[in-house]
Amino acid sequence: MAQKVMKYFGRTTDFRGNTLWELVSDLPNWGVGRLLIRNMFQRYPEPCYMRILKVQSVDEQPGEIRKVRVTVEKTWRGVTQPKPVEIYSTSYKADYELVPQSEEAKYLNNNNKVQPVVLPTKIDLPPLLRELVSEETGNPNPQMKVHYKLTHNKLARLAKDGEKPTINFELGVGQPKPVSAKLYEGLL
C-alpha cells in the first residue's frame, strides 16, 4: 500500500496562538486586568507581556479579518512603557495567548531587564569617503557625528561627555564566516 503524501501550499508562519478578538470576546469584562503575551516576543530572556486596560470592539468589515482595538500596559524586555499602548493593526495576528492567572506571578515577579546600550557620539567614515574628506579638509582621521532619535521604546542612547560607549562600530571588510573563508584565501 502506498503512503499518502501531504503537500502544503502557501506561506509558512511562526505564529502560535489566537487573535486578540478570539481571546477577549469570551472573557468576562473583555479581559480587563488580565495578562497577554505575544509568542513572537517570548524569544527574549527578559519578560515581555501586556496587561489589558481597555477593549473597544470595531465594526466587522466584510471580507476582512476581525480586528479589535485594545489598550494595554506594555512591558517589553522587562521595561514597562510609560504610556499605555493601543493595539489595533496587529490584533488580527494569531499570535496572542492569555496568561493563566496561576502563572501571572511568574511574569510579574521576573526582574530581568535588558541592559541599556550606550552608543558613541562619533564614528569613522567609510574608507572611500574617509579618503575624500581627508584630502579636502586635511584631517587624517575625519569622523561623522551620530544622530539618534530617542523615543520611549528604544533602549539605547548616545554617550554623554566622558562616558565610554558599550558598542564600538568599526568599518572594514571584517572576517568572513568559516563557510566562505576559502573564497577569501590570499586576500585578507
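Given the structure is predicted, the values throughout are model-derived calculations rather than measurements.
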Student: Is there a chain of hydrophobic side chains (I, L, V, M, F, W, Y, each step under 4.5 Å between heavy atoms) that links I87 to V58?
Tutor: no
Student: Do E86 and K54 meet the salt-bridge criterion of a basic N to acidic O distance under 4.0 Å?
Tutor: no
Student: So if you build clusters from Ile, Leu, Val, Met, Phe, Trp, Tyr with side-chain heavy-atom gaps below 4.5 Å, do I37 and F15 land together?
Tutor: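 No, no single cluster joins them.
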Student: Starting at CD1 of I167, measure out to CG of L119 and round the result to the nearest 0.5 Å.
Tutor: 6.0 Å
Student: Would V99 end up clustered with M50 when hydrophobic side chains under 4.5 Å apart are linked, directly or stepwise?
Tutor: no
Student: Determine whether the side chains of Y96 and T90 contain a donor N or O and an acceptor N or O closer than 3.5 Å.
Tutor: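 Yes, T90 and Y96 have a side-chain donor paired with an acceptor closer than 3.5 Å.
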Student: Is the side chain of R51 donor-acceptor paired with the backbone N or O of E73 at a distance under 3.5 Å, no angle test?
Tutor: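 No.
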Student: Would you say the ring centroid of Y44 lies under 6.0 angstrom from that of W76?
Tutor: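 Yes, the ring of Y44 comes within the 6.0 Å limit of the ring of W76, centre to centre.
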Student: Can you tell me which residue among I123, L129, L128 is in a side chain to side chain contact (heavy atoms under 4.5 Å, CB included) with L125?
Tutor: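 The option that passes is L129.
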Student: Are V133 and M144 linked, directly or through intermediate hydrophobic residues, by side-chain heavy-atom contacts shorter than 4.5 Å (ILVMFWY only)?
Tutor: yes
Student: Mind checking the CZ-CG spacing from R38 to D95? Nearest 0.5 Å is all I need.
Tutor: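 Nearest 0.5 Å value for the CZ-CG distance: 4.5 Å.
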Student: Hey, are the side chains of L23 and L36 touching, using non-hydrogen atoms and a 4.5 Å cut-off?
Tutor: yes
Student: Quick one: do Y92 and R66 satisfy side-chain contact (heavy atoms from CB on, under 4.5 Å)? Show the steps, please.
Tutor: CA-CA 6 Å; Y92 71 93; R66 180 73 192 232; over 6 Å; no
Student: State, yes or no, whether a side-chain contact exists between P142 and S134 at a heavy-atom distance under 4.5 Å.
Tutor: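 Side chain of P142 against side chain of S134, heavy atoms only: contact under 4.5 Å found.
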Student: What closest approach, in Å, do D124 and N141 show between heavy atoms, and which atom pair accounts for it?
Tutor: OD1-OD1, 3.9 Å
Student: Would you check, one step at a time, whether the test side chain to side chain donor-acceptor pair (under 3.5 Å) holds for E46 with N112?
Tutor: CA-CA 5 Å; E46 302 87 12; N112 292 345; over 6 Å; no
Student: From N18 CG over to S25 OG, what is the distance, rounded to the nearest 0.5 angstrom?
Tutor: 9.5 Å
Student: Could you check whether any side-chain heavy atom of M40 comes within less than 4.5 Å of a side-chain heavy atom of D14, counting everything from C-beta outward?
Tutor: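 The answer is yes, as the side chains (C-beta and beyond) meet within the 4.5 Å cut-off.
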Student: Is there a path of hydrophobic side-chain contacts, each under 4.5 Å between heavy atoms of I, L, V, M, F, W or Y residues, that connects L98 with W30?
Tutor: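 Yes; W30 is reachable from L98 via cluster members.
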Student: Quick one: pull up OG1 in T121 and NE2 in H147 and give me the separation to the nearest 0.5 Å.
Tutor: 11.0 Å
Student: Do the side chains of E163 and R157 get close enough for a salt bridge, i.e. N-O under 4.0 angstrom?
Tutor: yes
Student: State, with a plain yes or no, whether a side-chain heavy atom of V68 is found less than 4.5 Å away from one of S91.
Tutor: yes
Student: Given side chains that start at C-beta, do those of V72 and L53 come closer than 4.5 Å, heavy atoms only?
Tutor: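 No, side chains not in contact.
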Student: Are the side chains of V24 and R34 in contact, using a 4.5 Å heavy-atom criterion?
Tutor: no
Student: I'd like to know if the side chain of T19 and the backbone of A94 have a donor-acceptor N/O pair within less than 3.5 Å.
Tutor: no
Student: Between atom CG of N39 and atom CD of E97, what is the distance when rounded to the nearest 0.5 Å?
Tutor: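 Going from CG on N39 over to CD on E97, the span is 4.0 Å.
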Student: Measuring from atom CH2 of W21 to atom CG of D26, what distance do you get when rounded to the nearest 0.5 angstrom?
Tutor: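 It comes to 9.0 Å.
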